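Notes follow the structure.
Since we're looking at a predicted model, the values are computed, not measured. We name chains A, B, ... by the order of the sequence lines, and we start the count at 1 in each one. Side chains are part of it too, since the values below use all heavy atoms of this structure and drop only hydrogens, waters and symmetry mates.
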2 protein chains.
Amino acid sequence: MSEQETPKARPAVRTLSDLARIAGVSAGTVSRALAGNSLVNTDTRERIVALARDHGFRPNKMASSLRRQKTDVIGIAIPLGHDSRQQISDTFFITLLGHLADALTERGYDLMLRRVIPERDEDWLDRFIGSGMIDGLLVIGQSDQFDRIEDAADGYLPMVVWGNHAEGQRHCVVGTDNRLGGRIATERLIAGGARHIYFLGDTSAVEFAARYAGAVDAAERLGVTITPLTSHLSSDRLEAEVAANLDRSFEPGDAIFAATDTLAIASLARLKALGIAVPDQVRIVGFDDLPLAAQTTPPLTTVRQEIRAGAFAMVDLLIRRISGEDTESIVMPPHLVGRHSG
Amino acid sequence: MSEQETPKARPAVRTLSDLARIAGVSAGTVSRALAGNSLVNTDTRERIVALARDHGFRPNKMASSLRRQKTDVIGIAIPLGHDSRQQISDTFFITLLGHLADALTERGYDLMLRRVIPERDEDWLDRFIGSGMIDGLLVIGQSDQFDRIEDAADGYLPMVVWGNHAEGQRHCVVGTDNRLGGRIATERLIAGGARHIYFLGDTSAVEFAARYAGAVDAAERLGVTITPLTSHLSSDRLEAEVAANLDRSFEPGDAIFAATDTLAIASLARLKALGIAVPDQVRIVGFDDLPLAAQTTPPLTTVRQEIRAGAFAMVDLLIRRISGEDTESIVMPPHLVGRHSG
DNA sequence: ACACGATTTGCAATCGATTGCAACAAAGCG
DNA sequence: CGCTTTGTTGCAATCGATTGCAAATCGTGT
């Protein structure tokens with residue numbers, strides 16, 4: 001077994017200079033050859049490339065990054081401000097992350113993921129930016145860090161944020177028109193006969209606050225009562241909070257607008273446990289249109305966000321910002337997906 | 001607005017030398033001061049630390065990594081071999097990723113995520129390892145890359161893999177005893193009256209193959225028929241494949257063992273659409289015990305994997321490997337969670 | 001007053017790849 | 001044949017932080 005251990009017991013080619021010595025050229029030439037630089041003679045280049053392959057040589061990325069002042073790595077920060085536990089597992093964020101990974105990989109970037117708990121680390125944004133490890137930064141969700149993000153954006157161009165767009169904000173954001181989404185969800189409920197709407201969500205996150213604001217717009221305009229109920233997204237609290245919030249007597253005309261499909265699905269489960277029929281006794285509308293939303297009983301009526309398109313837009317904007325352009329934000333329209341829950 | 005733009009229009013302290021000049025010391029001293037090295041005078045150190053804070057100075061991590069030959073970054077590779085699209089969104093993998101992020105952050109590591117499509121990139125493992133960007137590597141799922149992982153493990157100690165453990169394998173793995181899990185799932189179905197079991201999953205991934213093997217063990221021993229049906233996990237194919245696989249006439253005694261809760265939940269939805277009652281006409285058992293499993297109708301009977309414990313174990317092993325120890329694999333026992341679907 | 005030890009600081013090499021500039025050779029031109 | 005042009009290659013500086021070793025400072029003991 002240990003004698004087998006040396007199929008390639010060569011001195012190990014670790015650096016450009018090692019390879020250069022073997023090839024009988026200088027390190028500079030090897031560097032240029034591997035970079036496909038046309039300055040080197042074609043024969044030389046092919047010989048060097050072949051040698052590199054044979055010896056399994058890979059240039060050290062740290063050294064390269066240092067010299068070029070470019071890492072080909074994009075940072076992804078997930079602030080867990082208003083909800084410090086485990087928001088990373090929220091299906092929506094994860095789906096977005098998956099698509100971002102797709103888009104970035106396609107463009108030749110690696111991604112460096114960092115969970116951030118702003119309460120414990122005031123300095124998270126500047127630290128990440130200043131580390132020199134990343135060429136650009138994507139922030140997934142503003143959480144309650146809107147102001148800090150604004151501050152950072154003043155001095156750091158290559159940053160794009162997923163979240164809500166506010167009038168006159170300075171950082172570049174991609175997201176859904178949350179207020180409009182809240183409005184159409186609420187209008188749907190009211191059109192279905194709702195007279196009293198409970199909003200389930202955590203309004204200290206700006207995205208959700210905007211959905212709530214939209215709901216209030218519609219409710220007030222149409223003369224319907226609306227009551228906010230705070231429910232967090234962290235998986236360890238979600239069920240209990242939803243249960244507590246729904247432990248009330250519902251009357252005809254009551255309805256629920258959940259800030260998130262995750263919350264809506266938990267509500268569905270809770271109501272079933274309580275023996276309350278959806279949508280007959282209580283109507284529910286969610287937000288996101290996760291794949292799961294179509295599979296619940298009854299299938300969930302929800303407001304769709306275009307996650308994949310959003311992810312690709314974020315990457316596109318970021319890359320333009322990296323090259324110096326000061327891009328505008330993108331606000332995507334939400335679409336109501338009418339199914340059977342509300 | 002643009003006049004406001006310079007609240008701190010100082011020359012910008014970007015390097016150790018910049019700060020050293022301001023502090024009136026040498027770069028070496030600054031480096032030692034910021035590292036908390038006791039060689040420097042306490043007064044000097046405090047002065048330098050304060051100065052660094054005032055100027056928002058952050059040492060360049062690339063330079064540091066290069067010099068120290070240590071990056072404090074752990075790579076996480078997600079091979080999408082047997083299922084190239086979007087496996088990253090599989091809830092199980094994502095949950096694992098979340099916990100890994102927790103554990104690594106706690107230990108002071110950053111994480112670099114890389115989706116890998118081995119078909120398109122033969123060299124993915126050595127490339128990641130050889131890049132010099134990471135101090136260690138976690139691989140989430142062996143997919144169909146078992147042999148390649150074995151090869152790499154011979155020459156690279158700091159690597160831990162989530163997946164299945166095979167007799168005599170050389171790479172360090174953390175995972176559930178999939179074969180045993182498959183067995184107990186199947187025994188449960190048979191105890192409930194099943195005479196013919198359909199296995200839903202993709203046996204080209206070793207983890208799932210082991211679950212199937214366990215199912216076959218139990219079925220053969222107890223004289224029950226078992227039929228494998230190939231269903232992939234990628235979100236774009238999953239529904240159609242499950243639908244196609246379940247588009248058959250079920251007879252009394254038929255049951256389904258889904259390799260994954262995700263598949264089980266999709267099956268539940270499909271059977272409901274077909275008007276087939278669970279568990280009265282067909283019993284179903286899943287695998288993973290995702291949070292969602294408790295919320296389906298009927299609640300899903302499944303085999304639980306301890307994801308969080310597994311994630312922390314992986315990180316623990318990895319860190320010991322980074323410091324040179326050659327750790328053993330960890331195989332965790334699966335637990336049947338009996339609910340109502342099977 | 002001098003030597004010696006303990007602290008503290010500076011100097012300069014180092015990590016490995018990249019790249020501007022100079023050097024050199026070969027080829028083209030008058 | 002001498003001179004310019006084109007094509008290749010080497011040399012050495014550079015990115016920014018770290019660290020072994022030497023040097024400087026201060027204090028103390030004799």
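- Rounded to an integer number of Å, the gap from CG of A:Leu16 to P of D:dT14 is 19 Å.
- Within the 4.5 Å cutoff, side-chain heavy atoms of B:Asp110 are placed close to those of A:Met133.
- Checked for salt-bridge contact, A:Arg107 and A:Asp316 meet the test: a charged N lies under 4.0 Å from a carboxylate O.
- A:Arg114 and A:Asp121 are not joined by a salt bridge, as no carboxylate oxygen comes within less than 4.0 angstrom of a charged side-chain nitrogen.
- Rounded to an integer number of Å, the gap from B:Asn60 CG to C:dA17 P is 17 Å.
- Near-neighbour residues of DNA chain D inside residues 61-73 of chain B, defined by a heavy atom below 4.0 Å, number-ordered: B:Ala63, B:Ser64, B:Arg67, B:Arg68.
- Remark: P of D:dA17 and CD1 of B:Ile48 are 13 Å apart, rounded to the nearest angstrom.
- The two residues B:Ile322 and B:Tyr109 come nearest to each other via the heavy atoms CD1-OH, 3.9 Å.
- The side chain of B:Ser31 places an N or O atom within less than 4.0 Å of a non-bridging phosphate oxygen (OP1 or OP2) of D:dT18.
- A:Arg170 contributes no side-chain N or O that, together with a main-chain N or O of A:Ala153, makes up a donor-acceptor pair within less than 3.5 Å.
- To the nearest 0.5 Å, atoms CD1 (B:Ile74) and OG1 (B:Thr105) are separated by 11.0 Å.
- We find that CZ of B:Arg14 is positioned 14 Å from C1' of D:dA17, with the value rounded to whole Å.
- Between A:Arg127 and B:Arg58 the shortest side-chain heavy-atom distance falls below 4.5 Å.
- Atom CZ of B:Arg21 and atom P of C:dG10 are 14 Å apart (whole Å).
- Computed from coordinates, the B:Arg58 CZ to D:dT18 C1' distance equals 20 Å when rounded to whole Å.
- As rounded to whole Å, 17 Å separates atom P of D:dG16 from atom CE of A:Met133.
- With rounding to whole Å, B:Leu34 atom CG is found 10 Å from D:dA17 atom C1'.
- How far CD1 of B:Ile22 is from CD1 of B:Ile48: 11.5 Å, rounded to the nearest 0.5 Å.
- Contact of the B:Gln145 side chain with the B:Leu125 side chain is not registered, since no non-hydrogen atoms from C-beta on lie closer than 4.5 Å.
- Inter-axis angle, ends of the helix from C:dA1-D:dT30 to C:dG30-D:dC1, five pairs per end, rounded to 10 degrees: 60°.
- Pairing each heavy atom of B:Val116 with each of B:Ala77, the nearest pair is CG2-CB, 4.4 Å.
- A salt bridge does not link A:Arg148 with A:Asp151: none of the charged nitrogens is closer than 4.0 Å to a carboxylate oxygen.
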All N/O pairs under 3.5 Å across the protein-nucleotides 5-9 of chain D interface:
| residue | atom | partner | partner atom | Å |
| --- | --- | --- | --- | --- |
| D:dT9 | OP1 | A:Thr44 | OG1 | 2.8 |
| D:dT9 | OP2 | A:Asn41 | N | 2.9 |

